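Data block below; observations after.
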Amino acid sequence: MLWLFFRGNKNMTKLSASAIADFKRCPTLHKLKRVDRIIPIEDPDYLRVGTNWHKLLEVASMEPESVCPLCAKLAQSVTGCIYCCGSGFLPKDTMDLAVRFLWDAYTIGGMLVEGREVEYYTLLNSLAAYNWYWTSQEQYKTVARELEFETPIRSMSGRALPNVSLRGMIDKIVQNEQGQFLVLEHKTTGSSIDSDSTFWQHLGMGVQSYLYPGTAQTMQADGELRGYGITPKDPPIYGMLFDVFHKPQIKPKKLTQKDSKEFIETGVYCGQEFEVTQGADGELKTLSVNNVITELEWGAEPKAKKDGTKKPRPFAIKETPEMFGARLLNDISERPEFYFARREVARTDSDFGRFRRELLCIYQTMRLMKKNCGWYHCDDQCEATFKCPYMSICYADKDVSEVVPDGFKKI
């Protein structure tokens, strides 16, 4: 591979799978993000959840008690490092490491960021359920992880094009029970992941499903994977394994009056124990669950009995984020197939040949648009599924060449 040449060439255009996906979605989106280098100050919620889930799985799958990768990059142990706490080595249980990472990502000054508490407990409990589900039926052995690559785009004759490369990071290469090697990629989605869902066909059309196994095959043929036990004589890397997490659709809810009364009496909710604290003098004016005040909704005042006494006034409480997390964990344990799924996607030489032709056309189109400053808008994508974060710029036809619009930053 020509990675040494690429790294020394400052004029090199470096494309990633996500950059190509942005261009296919909307050329103007690609221009604003990749050419003008304008990005939103805050990621949209759907992007943040996916990014943090991906990072959580990466951290949780690190080798226990191995050298801390963050401190290794700095060539010194860092006091307060969220990975190793300054020891220079990862803990015995990498689940502890994942929890530390998540807490650091969602807290400021030791407190959960307001408005993101539910997101935190969603990811925390989903990770616990993910480990429980796949550990009990593991079918794949990880043989390599975090393989950085940089490879050329080639002409139809096979010549490497100048000043452009494809770069990325292969998360893992795994081996299935049949001894075949696959590139593993983690995905999150709000779409159905049932076996008959079109989600899987759509996923198989993505750039990564061709670029990553094709690049891994080249690395294998060049002998770059010998250190991981994958030699040029082994069968070629088979394709992709997509590991998919269906993001929860349920939200925090209000308990019934009956369930609220039972919860205050027992402190147990969805199989987990909570510390329930009433207000001063034991009066139910405020209610805290694990030191978090929850919402109370009062029912109608009961009528007095003949002797002048009254039944306690009924009430209902709303789940705290932590209580919601307990219910989510309970839901996942009852129907894990709704939340987690894996599927292998095989790739043939014909598939890779078609992708190389497509890739060449995409790059040539990029060059033409950049040369003529002719980046068109794909207006069907502005509000498709998720609203495009650049919609405000396009709708107002703002010029970003000199002034960065509000809500954005230049990188």
Side-chain angles (χ1 to χ4, degrees), residues 1 3-4 7 16 50-107 120 123-150 167-177 179-188 208 212-213 215-216 219-220 222-231 234 237 240-245 340 342:
M1 295 177 71
W3 66 273
L4 285 173
R7 288 184 183 275
S16 63
T51 298
N52 285 338
W53 176 253
H54 191 281
K55 186 66 176 178
L56 262 181
L57 295 183
E58 175 190 326
V59 170
S61 66
M62 289 180 175
E63 190 68 27
E65 300 184 282
S66 61
V67 174
C68 173
L70 292 183
C71 293
K73 281 185 178 181
L74 298 173
Q76 63 177 352
S77 296
V78 179
T79 302
C81 172
I82 63 169
Y83 281 10
C84 69
C85 298
S87 69
F89 295 91
L90 301 182
K92 291 182 179 180
D93 187 350
T94 51
M95 183 64 180
D96 294 338
L97 175 61
V99 171
R100 284 209 300 266
F101 161 78
L102 191 64
W103 181 255
D104 183 74
Y106 281 91
T107 58
Y120 169 82
L123 290 173
L124 181 65
N125 286 279
S126 296
L127 177 64
Y130 175 92
N131 288 337
W132 158 77
Y133 183 62
W134 288 122
T135 300
S136 64
Q137 50 179 320
E138 188 57 72
Q139 299 173 311
Y140 299 93
K141 175 186 175 183
T142 300
V143 296
R145 65 179 76 242
E146 294 188 358
L147 300 176
E148 188 176 0
F149 67 84
E150 194 159 359
R167 66 185 305 185
M169 176 81 76
I170 295 173
D171 287 340
K172 296 176 186 175
I173 295 180
V174 298
Q175 189 175 28
N176 63 17
E177 293 177 323
Q180 299 167 314
F181 295 105
L182 303 102
V183 173
L184 182 145
E185 182 66 23
H186 300 293
K187 294 291 183 183
T188 59
Q208 284 180 330
Y212 284 19
T215 300
M219 296 171 74
Q220 177 186 4
D222 291 346
E224 297 180 34
L225 302 180
R226 288 182 186 275
Y228 303 101
I230 306 173
T231 71
D234 288 318
I237 289 174
M240 289 285 292
L241 171 65
F242 286 111
D243 177 279
V244 180
F245 169 45
F340 306 124
R342 288 174 174 173

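Quantities reported herein were computed from a predicted structural model and do not represent experimental measurements. Below, each value reflects all heavy atoms present in this structure, side chains not excepted, and no hydrogens, waters or symmetry copies.
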Just do the side-chain contact (heavy atoms from CB on, under 4.5 Å) check on Phe242 and Lys187 with the steps written out, would you?
CA-CA 7 Å; Phe242 286 111; Lys187 294 291 183 183; 4.1 Å; yes
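- Thr142 places no side-chain N or O within donor-acceptor distance of the main-chain N or O of Ala144, the cut-off being under 3.5 Å.
- When all heavy atoms of Gln208 and Met240 are compared, the pair lying nearest together is O-SD, 3.9 Å.
- Evaluation of the side-chain hydrogen bond (donor to acceptor under 3.5 Å, both in side chains) rule for Asp243 yields Tyr130, His186, Arg342 as partners, not counting sequence neighbours.
- Here Phe149 and Tyr212 bring their ring centres to under 6.0 angstrom of each other.
- Contact annotation: the side chain of Leu124 never approaches that of Trp103 to less than 4.5 Å [non-hydrogen atoms, C-beta and beyond].
- To the nearest 0.5 Å, atoms SG (Cys84) and CD (Glu65) are separated by 13.0 Å.
- Using a 4.5 Å heavy-atom threshold, the side chains of Leu182 and Ile237 count as separate.
- Using a 4.5 Å cut-off on side-chain heavy atoms (C-beta onward), Trp53 and Leu127 make contact.
- For the pair Val183 and Leu241, the minimum side-chain heavy-atom distance is 4.5 Å or more.
- With rounding to the nearest 0.5 angstrom, the CD1 atom of Ile173 is 11.5 Å from the CZ atom of Arg145.
- Using a 4.5 Å cut-off on side-chain heavy atoms (C-beta onward), Cys85 and Arg100 make contact.
- With Gln220 contributing its side chain and Thr231 its backbone, the two residues share a donor-acceptor pair below 3.5 Å.
- Separation of the Tyr140 and Trp134 ring centroids does not fall under the 6.0 Å cut-off.
- For Thr135 (side chain) and Trp132 (main-chain N/O), no donor-acceptor pair under 3.5 Å exists by modelled atom type.
- Between the CZ atom in Phe340 and the CD atom in Gln137 there is a gap of 11.0 Å [rounded to 0.5 Å].
- Of the possible donor and acceptor atoms, one in the side chain of Asp93 sits under 3.5 Å from a partner among the backbone N and O of Met95.
- Val67 and Ala72 get closest at one heavy-atom pair: CG1-CB, 4.0 Å.
- Rounded to the nearest 0.5 angstrom, Leu56 CG and Thr51 OG1 are separated by 11.0 Å.
- Contact annotation: the side chain of Leu147 approaches that of Tyr228 to within less than 4.5 Å [non-hydrogen atoms, C-beta and beyond].
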Verdict with supporting geometry, Ile230 and Arg226, side-chain contact (heavy atoms from CB on, under 4.5 Å):
CA-CA 5 Å; Ile230 306 173; Arg226 288 182 186 275; over 6 Å; no
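- The nearest pair of heavy atoms linking Thr188 to Gly50 is OG1-CA, 3.5 Å.
- Proximity of Leu90 to Pro69: side-chain heavy atoms (C-beta onward) are separated by under 4.5 Å at one or more points.
- Here the closest non-hydrogen pair linking Asp171 and His54 is OD2-NE2, 2.6 Å.
- Looking only at side-chain heavy atoms (C-beta outward), Ser126 and Phe245 come within less than 4.5 Å of each other.
- Between Ile170 atom CD1 and Glu146 atom CD the span is 12.0 Å, to the nearest 0.5 Å.
- When all heavy atoms are compared, the tightest approach of Pro91 to Leu97 is CG-CB, 4.0 Å.
- Atom CG of Leu57 sits about 11.0 Å away from atom CG of Asn52, to the nearest 0.5 Å.
- Evaluation of the salt bridge (charged side-chain N to carboxylate O under 4.0 Å, His left out) test over residues 126-136, restricted to residues two or more places apart or in two chains, returns none.
- Considering every non-hydrogen atom in both Tyr83 and Cys68, the closest pair reads CB-SG, 3.6 Å.
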